[in-house]
Amino acid sequence: QRNHRPLEKIISEFNAAGPIPASAEVVIGCPAMHIPIALMSLRDGIEIAAQNCSLTGCGAYTGEIAASQLKDMGVTWVILGHSERREGFG
């Protein structure tokens with residue numbers, strides 16, 4: 001049995017937070033495996049960002065997620081070029 005309690009707690013805290021100012025956008029970058037549950041569970045006004053996106057597109061690239069796949073899930077944001085990726089992958 002999987003333990004989703006930490007994820008459920010974070011989602012609950014964001015959903016219970018006060019109103020989002022009109023001048024702000026709230027976007028949470030979460031691991032790919034949690035994107036579907038986050039998209040289904042977060043309140044309106046909170047968006048999800050993928051933590052990476054493949055440079056190669058769709059195809060036989062094990063473990064990579066293409067932009068078109070993220071878009072199909074409803075993800076409209078992605079974090080590209082963050083320091084951990086640059087350190088490990090150039």
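For this chain, numbers begin at 1 and follow the sequence in order.
In this structure, W77 is not a member of the same hydrophobic cluster as I28, with clusters built from ILVMFWY side-chain heavy atoms closer than 4.5 Å.
Nearest heavy-atom pair across G45 and I20 is O-CD1, 3.5 Å. Between A32 and P36 the shortest heavy-atom distance is O-CD, 3.8 Å. Listed here is the closest heavy atom pair of Q69 and E64: OE1-O, 4.1 Å. Pairing each heavy atom of L39 with each of M73, the nearest pair is CD1-O, 3.1 Å.
A distance-only check finds no donor-acceptor pair linking the side chain of E47 to the backbone of V27 [under 3.5 Å]. Side-chain atoms of S12 never come within 3.5 Å of backbone atoms of E8 as a donor-acceptor pair (strictly under, hydrogens ignored). Under a 3.5 Å cut-off, the side chain of E13 and the backbone N or O of I10 do not form any donor-acceptor pair. Using modelled atom types, one side-chain atom of R43 and one backbone atom of A17 make a donor-acceptor pair closer than 3.5 Å.
Listed by chain and residue number, A50, C53, L70, L80 satisfy the side-chain contact (heavy atoms from CB on, under 4.5 Å) test with V78 (two or more places apart in sequence, or in another chain).
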Exercise. Would you please test S54 and I65 for side-chain contact (heavy atoms from CB on, under 4.5 Å) and show each step?
Key: CA-CA 5 Å; S54 173; I65 301 176; 5.8 Å; no
Practice problem: Show your reasoning for whether side-chain contact (heavy atoms from CB on, under 4.5 Å) applies to V75 and I35. | Solution: CA-CA 8 Å; V75 175; I35 288 173; 3.5 Å; yes
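The environment of CG in D44 is sparse: at most 12 heavy-atom neighbours from other residues, nucleotides or ligands sit within 6.0 Å.
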